[in-house]
Amino acid sequence: VPEAQHVSLSKKARIIPAMPAQSFSIGLCSWDEARTEARPIRELVFVREQAVPLELELDEEDPRCEHALARTADGAAVGTGRLLPDGHIGRMAVLKEWRGQGVGALLLRALIERARERGHARARLNAQTYAIGFYRRYGFEVSGPEFMDAGIPHVPMHRDLATAQR
């Protein structure tokens, strides 16, 4: 990371190291189109890193979902997420070496916007508890008690889509 610095004006101003510029694109597609790139990302993140059993990670919902793929400028897939027909966002995963560079934010924004385009009044998701702060930055609120899923603590969250926040 270069020594250059910039100022972030969120809540309290603070100086943080500048990140090298990286451009990403987000594509929305069917499971048939996404499978070969999304599945390995999800297996690395959920199965290998988080020890989620493969049979729980891959489910019958994938063919019914619209999938988002984040790609680097050279076309490499580095993150994925999905939108179920009911407006539920899930399976958000970014490869470890690409975390903290805005990939997850771009994926989430694309899925929120797609839910809005579909006419959903609300987007929902089940967040791993360590990621609550990330989702709150994009307008999601905890909407129920903590629960365990695949041995990992989660909370249900939702966001109204009629609000101006994007």
Side-chain angles (χ1 to χ4, degrees), residues 10-11 16 19 22 24-72 76-116 118 120-161 163 165:
S10 62
K11 296 197 182 181
I16 58 175
M19 292 297 294
Q22 178 67 256
F24 301 97
S25 63
I26 305 296
L28 295 172
C29 53
S30 70
W31 182 238
D32 286 341
E33 297 165 310
R35 179 186 295 121
T36 58
E37 294 174 296
R39 183 176 175 161
I41 293 169
R42 286 170 43 182
E43 286 182 12
L44 278 170
V45 172
F46 298 122
V47 178
R48 287 193 189 169
E49 290 179 24
Q50 299 181 354
V52 172
L54 182 61
E55 60 273 11
L56 294 179
E57 162 45 30
L58 299 172
D59 63 21
E60 69 284 348
E61 297 295 337
D62 280 320
R64 299 178 48 228
C65 296
E66 204 161 351
H67 295 264
L69 282 172
R71 290 190 176 86
T72 60
V78 297
T80 188
R82 72 181 188 184
L83 179 66
L84 280 83
D86 66 358
H88 189 106
I89 294 169
R91 300 303 199 266
M92 292 277 296
V94 175
L95 295 176
K96 186 182 288 187
E97 58 271 20
W98 294 97
R99 293 178 197 154
Q101 298 185 48
V103 177
L106 290 174
L107 285 165
L108 184 59
R109 285 180 179 145
L111 292 167
I112 290 168
E113 187 56 34
R114 186 65 183 121
R116 185 181 283 117
R118 285 185 180 176
H120 294 291
R122 176 176 284 186
R124 297 178 302 116
L125 55 83
N126 293 323
Q128 293 183 10
T129 54
Y130 81 88
I132 292 170
F134 169 77
Y135 292 111
R136 279 190 171 140
R137 286 194 296 275
Y138 299 95
F140 284 85
E141 300 173 3
V142 174
S143 57
E146 185 175 309
F147 65 95
M148 297 297 283
D149 185 13
I152 301 168
H154 287 71
V155 292
M157 299 184 82
H158 74 271
R159 176 197 157 154
D160 290 330
L161 298 178
T163 60
Q165 179 183 356

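Side chains are part of it too, since the values below use all heavy atoms of this structure and drop only hydrogens, waters and symmetry mates. Given the structure is predicted, the values throughout are model-derived calculations rather than measurements.
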Value rounded to 0.5 Å, distance of [atom1] in [X] from [atom2] in [Y]:
{"X": "R109", "Y": "R116", "atom1": "CZ", "atom2": "CZ", "answer": "12.0 Å"}
{"X": "Q101", "Y": "T72", "atom1": "CD", "atom2": "OG1", "answer": "10.5 Å"}
{"X": "Y130", "Y": "I152", "atom1": "OH", "atom2": "CD1", "answer": "8.5 Å"}
{"X": "L111", "Y": "L28", "atom1": "CG", "atom2": "CG", "answer": "6.5 Å"}

Legend entry - Verdict with supporting geometry, N126 and F147, side-chain contact (heavy atoms from CB on, under 4.5 Å): CA-CA 9 Å; N126 293 323; F147 65 95; 3.6 Å; yes
Does [X] reach the main-chain N or O of [Y] with its side chain, forming a donor-acceptor pair under 3.5 Å?
{"X": "R64", "Y": "L84", "value": "no"}
{"X": "T80", "Y": "A68", "value": "yes"}
{"X": "E33", "Y": "S30", "value": "yes"}
{"X": "R122", "Y": "H158", "value": "no"}

Specify the closest pair of heavy atoms between [X] and [Y], including all atoms of both residues, with the distance to one decimal.
{"X": "I41", "Y": "A93", "answer": "CG2-O, 3.8 Å"}
{"X": "C65", "Y": "R82", "answer": "SG-CD, 3.7 Å"}
{"X": "F134", "Y": "A105", "answer": "CZ-N, 3.8 Å"}
{"X": "C29", "Y": "L69", "answer": "SG-CD1, 4.2 Å"}
{"X": "P63", "Y": "W31", "answer": "CA-CB, 4.0 Å"}
{"X": "E57", "Y": "F46", "answer": "OE1-CD1, 3.3 Å"}

Inset, instruction - Identify whether the distance between the nearest side-chain nitrogen and carboxylate oxygen of D86 and R124 falls below 4.0 Å. - result: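 Judged by the 4.0 Å cut-off on N to carboxylate O distance, D86 and R124 do form a salt bridge.
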Legend entry - Salt-bridge criterion met for R91 and E61 (N-O under 4.0 Å):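 No, this pair does not count.
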Legend entry - Candidate list R35, R42, R39, test side-chain hydrogen bond (donor to acceptor under 3.5 Å, both in side chains), partner D62, passing option: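 Checked R35, R42, R39 against D62; only one passes side-chain hydrogen bond (donor to acceptor under 3.5 Å, both in side chains): R42.
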Inset, instruction - Could you check if a side-chain atom of I112 sits within less than 4.5 angstrom of a side-chain atom of F140, using non-hydrogen atoms only? - result: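 Touching, per the 4.5 Å side-chain cut-off.
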Inset, instruction - Compare all side-chain heavy atoms of R118 with those of L161 and state whether any distance is below 4.5 angstrom. - result: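 No. Closest side-chain heavy atoms not under 4.5 Å.
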Inset, instruction - Output all residues satisfying ring pair (Phe, Tyr, Trp, His ring centres under 6.0 Å) with H88, sequence neighbours left out; order by chain, then residue number. - result: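 Here no residue qualifies.
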Legend entry - CA sep, side-chain torsions, deciding dist, call: L125, M92, side-chain contact (heavy atoms from CB on, under 4.5 Å): CA-CA 10 Å; L125 55 83; M92 292 277 296; over 6 Å; no
Inset, instruction - Please name all residues satisfying side chain to side chain donor-acceptor pair (under 3.5 Å) with Q50, sequence neighbours left out, ordered by chain then number. - result: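 In terms of side chain to side chain donor-acceptor pair (under 3.5 Å), with neighbours along the sequence ignored, Q50 is linked to Q128.
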Legend entry - Residues forming a side chain to side chain donor-acceptor pair (under 3.5 Å) with R114, sequence neighbours excluded: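 With sequence neighbours excluded, R114 shows a side chain to side chain donor-acceptor pair (under 3.5 Å) to E66, E117, given in chain and number order.
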Inset, instruction - For side-chain contact (heavy atoms from CB on, under 4.5 Å), just list the numbers for V45 and V94, CA-CA rounded to whole Å, side-chain angles, deciding distance to a tenth of an Å, and then say yes or no. - result: CA-CA 7 Å; V45 172; V94 175; over 6 Å; no
Legend entry - Step-by-step side-chain contact (heavy atoms from CB on, under 4.5 Å) determination, Y135 to L108: CA-CA 9 Å; Y135 292 111; L108 184 59; 3.7 Å; yes
